[in-house]
Amino acid sequence: MKIAVTGINNVDSPGPGVPVIRGLKDSESINAEIIGLSYDTLEPGGYMPGITDKVYLIPYPSGGIENTFERISFIHSKEKFNVLIPTLDSELYGFLKLTDRLSSLGIKTFLPTFDNLNLRAKDKLFDFCTANNIKVPKNILVSGTNDLHRISSEFEYPVVVKGIFYDAYIANNLEEVQSAFKKLASRWGLPIIIQEFIKGDEYNVVALGDGSGETIAAVPMKKTYITDKGKAWAGITIDDEYLLNLVRHAVERLKWKSGAEFEFIKDGETNQYYLVEINPRLPAWVYLAVGAGQNIPEALLKLAIGEKIKPMTEYKTGTIFIRYSWDLITDIKTFESLAVKGEKDNKSLKN
Amino acid sequence: MAKFSVPSNLAVSESGFLFVPSSGETFTLNEIGSEIFMMLKKGSEDKEIFETVVDSYDIDLYTFEKDFSDFITQLKNHKLIKEL
């Protein structure tokens, strides 16, 4: 089966494309042929042996959905892929708007719904959690620097200052909040989210919902090594039924469709879990779930093609992932093909 | 006389490596720490542990009782044992 996958930017803050592909390639029931969709000529997934069978450049989401659709239609006319798996937050709304048109070409997807995306948005998460008895750090939305003076009366420092789409800073006083506010507002726009800082360890859960409220897969992980960008560089699967039930409850209430990553902080003093974010796509560490016994990319693909999947509940606790970086050597001819023609055949790449 | 219990889901290897599956935390014990922890896990009382360790190692009872108390405090802080 031919499957197109985005997010093959396996860089220091990696996209989930390469681990998703690894899961698909590991599947014994799918003979996966992978078409990598790359936003840049140097996304590593387009050069790594055994990952993409062919790679095509696609326009950035900021270019608009018509450009995306035109390019995807062209690639599909050549490759006739069956399923498209977008893996990046920034492209989800665009592909969701294109779902019907992609479907008319014969391209299947399994994306979150607009409701899913809106309910878990950073400025809505607090309301969703409080309405559903899930602990969440207190937050307020601020739309101007005048509102920042509310912080000292409503929070204790430090606080977390978050952009509406990406990025977060920890601020220890009003001056640091103002500085973070300016950076985030100029980059991602308003409002800015001011969130209570919870001190504790970070736990994440990768999950897959079928859209009816059922959790098809879920694997929890403790981050054991965190980069300066807050990304997990190592992690270990844990056995915590309470945490899994929290995620199942959220999936059920959201009627979540597709993959997701639930980010929690466990308060070091009270041992309570606080849900700090729901990312609407599989995380870059999803291959840990595959290694622990739940091939979530494979299950997502099967849901996309309309197969019924039984919920997976077993996985191996104590499975560890350790990310690493590796200098891949290639040559100018290989690069040229993608740079000039916008496509590259990888079948000759050797392991 | 005190007795302790070790959480049933705690994984302990013979080399003294502890893994708490519910939190993902790991700990490493040295040889004597490992030996004491195994005795705690078996349900030995503190008096029995004192006798075994003082008989096997070059240490007096007074010093060992103090070290044992510190060790127990650390294990409790990390929720690796509970006093019964």
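Chain naming here is simple, since letters A, B, ... match the order of the sequence lines and numbering starts at 1 in each. Just so it is clear, the structure is predicted and the values come from calculations on it, not from any experiment.
- At a threshold of 4.5 Å between non-hydrogen side-chain atoms, the residues A:Lys266 and B:Ser23 count as touching.
- Around the NZ atom of B:Lys76, the shell of radius 6.0 Å holds more than 12 heavy atoms that belong to other residues, nucleotides or ligands.
- Heavy atoms of A:Tyr203 lying under 4.5 Å from chain B belong exclusively to its side chain.
- By the neighbour-count criterion of 12 heavy atoms within 6.0 Å, atom NZ of A:Lys25 is densely surrounded, having more than that number from other residues, nucleotides or ligands.
- Remark: A:Lys138 NZ is packed, more than 12 non-hydrogen atoms of other residues, nucleotides or ligands lying under 6.0 Å away.
- Considering only heavy-atom pairs separated by less than 4.5 Å from chain B, the leading option among A:Thr317, A:Ile320, A:Leu243 is A:Thr317.
- Atoms CD and CG, on B:Glu25 and A:Asp201 in that order, are 6.5 Å from each other to the nearest 0.5 Å.
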Under 3.5 Å, sequence neighbours excluded: what are the donor-acceptor pairs made by side chains of residues 67-75 of chain B?
from: B:Thr73; atom 1: OG1; to: B:Ser69; atom 2: O; distance (Å): 2.8

